[in-house]
Amino acid sequence: MAEQERMRVAGDGGAPADGPVGPDVTADVDVVVVGLGVGGEEAAGRLAAAGLSVVGIERDLVGGECPFWGCVPSKMMIRAANALAEARRVDQVAGRATVEPDWSTVAKRIREEATAGWTDDAGVERFTAKGGRFVRGSGRLVGPGLVQVGDELYRARIGVVLGTGSTPVIPPLPGLEGTPYWTNREAMELAELPESLVVLGGGAIGAELAQVFARFGVRVGMVEAGGRVLAMEEPESSELVAAALRADGVTVHTGARAERVEHDGNGFTLHLTDGARLHGERLLVATGRRAALDGLGLETVGLDPTTRFLETDDRMRVADGIWAVGDPTGHGAFTHVAMYQAAIAIDDILRCAGAGDAAAGGAGGGSAGDGRRADYRALPRVTFTDPEVGAVGLTERQAREQGYDVRIGFTPLSDSSRGWIHGVGGEGFVKLVGDAERGVLLGATSAGPAGGEVLSALAVAVHAEVPVTTLAGMIYAYPTFHRAIETAVRDLLS
Ligand SMILES: Cc1cc2nc3c(=O)[nH]c(=O)nc-3n(C[C@H](O)[C@H](O)[C@H](O)COP(=O)(O)OP(=O)(O)OC[C@H]3O[C@@H](n4cnc5c(N)ncnc54)[C@H](O)[C@@H]3O)c2cc1C
């Protein structure tokens, strides 16, 4: 593409190659990407590498939440905490081990290996090396195809990709505002452990971090307003994880809402609706995430600025010339969703570019009818507690609510050879949600050691609608955890 050469900064004295550049327009380009997190960086980088002229705008760190304050540092913490837990199990299977947790090892790995001290030189280089033009700042739509950042204005010929991610939901709890509570950001940057911690929220992030800190010796209390932790997953997963948290010393309060917070020199006290009080030196707010759409100028392109999520079609188009990827789309706040959606948007944008279709995001733009389409039937997710909970597709409840003729297969890992051999730390199960009418899986959960890895076979089964009879006719290696799938499949056929 010649677009790279065509990009021209206003006032540089050169005449534009393909039409006038308005006095206020810093540059005309093919695509502007707002937010270079997981999804945005993928889209911007690959489009630039494909030869399009791309401006990528990032106000914080290129790479986004996942590498700096999300998946990567949290999984480093979990790796460390699980090593401690395994060592503590030695006396039940292998003799004696003395464990002396040291958070500084974890903090150092996160600071030095994972985040380079929370700097993004490598990320900027990754993008610019592919030919992208990087702009640091907050991008804002100011009209169709127009994005302003500071006093610069970029005009996109093909369109704009919104990859602005999400921010933590902070509940309007009396007494909370203005206190030094933590979100995931402070937790991931932690250099020294507190003596005690209250975790507000029993979702995946709350559960994972509560277990990590408890395993490092922090006294942890957790509050979940709903009836169970991991409310989005199967009730069996909630029970398993709540039991594991309690076994690690976490005080788990479910079905009790926090009604106010007190903060003083001694820390935080959470007053719950059931009269209980939880005290912690620190408070971690983990009550969900919301799409980062504030101040994005959605109204300038005819979109509702108060929307919770950006509604996308199956090619990730939000409107004419606008694509969205990742957390803002509301299809699951996961890195793999952002990457999956970015791949679809890239495909669509490249086809628009190939069609030479200016403002091609419009209905009928590009080569409509072909290409990858987003399909979330087999959406996998993993909660990296120990036991790990992998899940894909529909839960039993979702399947029943959607009117399927549901058949359930279930087996505890303790009934399998591998679960029995594993002994301590081997708790878990496989649960299958079958559609009796079509003889396929709608969803599944694999909880236990490496539950997220066992999930892969189940994700294939749900995604490809592998007949349950085929799953029953396979050979499953002995003695593996995934062999429990075979046992659960038998329930579906009996
Ligand atoms: C503690 C924690 C653990 C997690 N663990 C996992 C996990 O194990 N597995 C998993 O799949 N997911 C995990 N996630 C979720 C995962 O991090 C996100 O789903 C993923 O980062 C979303 O990518 P994204 O591209 O939508 O947004 P982000 O990665 O959040 O990137 C958005 C970027 O846009 C920038 N931005 C926003 N607005 C503007 C603007 N107007 N102008 C310029 N820049 C802007 C932001 O600064 C940010 O860099 C975890 C999240 C957290 C918080």
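Ligands are counted one by one from 1 in listed order, and the atoms in each one are counted from 1 as well.
Within ligand 1, the atoms closer than 4.0 Å to a non-hydrogen atom of Val34 are 40 (C), 41 (N), 42 (N), numbered from 1 in the order shown. In summary, the atoms of ligand 1 found under 4.0 Å from a heavy atom of Gly64, numbered by their order in the structure, are 29 (O), 31 (O), 49 (O). The ligand atoms of ligand 1 that sit less than 4.0 angstrom from a heavy atom of Cys66 are 17 (O), 21 (O). Counting the atoms of ligand 1 from 1 in the order shown, those under 4.0 Å from a heavy atom of Ser74 are 3 (C). The contact set between ligand 1 and His336, taken as ligand atoms under 4.0 Å from a residue heavy atom, comprises 11 (O). Taking every heavy atom of Leu61 and a limit of under 4.0 angstrom, the matching atoms of ligand 1 come to 49 (O).
Pro67 places none of its side-chain heavy atoms less than 4.5 Å from the side chain of Thr115.
Between Arg372 and Asp347 there is no salt bridge, since no side-chain N of the basic residue sits under 4.0 Å from a carboxylate O of the acidic one. The pair Asp60-Arg185 counts as a salt bridge, with a side-chain nitrogen and a carboxylate oxygen less than 4.0 angstrom apart. A salt bridge does not link Arg219 with Asp248: none of the charged nitrogens is closer than 4.0 Å to a carboxylate oxygen. A salt bridge links Lys75 with Glu208; the closest basic N to acidic carboxylate O contact falls under 4.0 Å. Between Arg289 and Glu65 a salt bridge is recorded (basic side-chain N to carboxylate O distance below 4.0 Å).
Taking the six-membered ring for Trp and thresholds of 30 and 60 degrees, His422 and Phe481 have ring planes more than 60 degrees apart, a perpendicular arrangement. Using the six-membered ring where Trp is involved, Tyr376 and Tyr340 have ring planes that are perpendicular, over 60° apart on the 30 and 60° scheme.
Applying the side-chain contact (heavy atoms from CB on, under 4.5 Å) criterion to Val142, with sequence neighbours excluded, gives Arg140, Leu146, Gln148, Leu153. For Glu192, there are no salt bridge (charged side-chain N to carboxylate O under 4.0 Å, His left out) partners, not counting sequence neighbours.
The protein heavy atom nearest to atom 32 (C) of ligand 1 is Gly163 O, 3.3 Å. Here the protein heavy atom with the shortest distance to atom 37 (C) of ligand 1 is Thr164 O, 3.1 Å. Atom 20 (C) of ligand 1 has as its closest protein heavy atom Thr335 OG1, 3.7 Å. What sits closest to atom 28 (P) of ligand 1 on the protein, heavy atoms only, is Glu65 N, 3.8 Å. Nearest non-hydrogen protein atom to atom 13 (C) of ligand 1 is Cys71 SG, 3.3 Å. For atom 35 (C) of ligand 1, the nearest non-hydrogen atom of the protein is Glu58 OE1, 3.2 Å. Here the heavy atom of the protein found nearest to atom 31 (O) of ligand 1 is Gly37 CA, 3.1 Å. Closest to atom 53 (C) of ligand 1 among all protein heavy atoms lies Asn184 ND2, 3.3 Å.
The shortest N/O to N/O separation between Arg289 and ligand 1 does not fall below 3.5 Å. On a distance-only criterion, Gly139 and ligand 1 share at least one N/O pair closer than 3.5 Å. Considering backbone and side-chain atoms together, Gly39 places an N or O closer than 3.5 Å to an N or O of ligand 1. At a 3.5 angstrom cut-off on N or O pairs, Lys75 counts as close to ligand 1. Not a single N or O atom of Ile205, backbone or side chain, sits closer than 3.5 Å to an N or O atom of ligand 1. Residue-to-ligand polar distances keep Glu208 apart from ligand 1: every N/O pair is separated by 3.5 Å or more.
Within the 4.0 Å heavy-atom shell around ligand 1 one does not find Arg140. Using a 4.0 Å cutoff on heavy atoms, Ala292 does not count as a contact of ligand 1.
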Give the intermediate values and the outcome of side chain to side chain contact (heavy atoms under 4.5 Å, CB included) for residues Val33 and Val55. CA-CA 6 Å; Val33 180; Val55 165; over 6 Å; no
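Between the side chains of Thr385 and Glu388, no donor-acceptor pair of N or O atoms lies under 3.5 Å. Checking Asp121 against Thr119 by side-chain atom types alone, no donor-acceptor pair falls below 3.5 Å. Between the side chains of Asn82 and Gln211, not a single donor N or O lies within less than 3.5 Å of an accepting N or O. Of the N and O atoms on the side chains of Thr329 and Gln341, at least one donor lies less than 3.5 Å from an acceptor on the other residue.
Among Arg59, Met339, Gln341, the residue whose heavy atom lies nearest to atom 44 (N) of ligand 1 is Arg59. Of the candidates Trp69, Phe334, Phe384, Trp69 brings a heavy atom nearest to atom 1 (C) of ligand 1. Here the shortest heavy-atom distance to atom 15 (C) of ligand 1, taken over Ala187, Gly137, Gly70, Ala333, belongs to Ala333.
Under 4.0 Å from ligand 1, not a single heavy atom of Val62 appears. Heavy atoms from both the backbone and the side chain of Val38 come within less than 4.0 Å of ligand 1.
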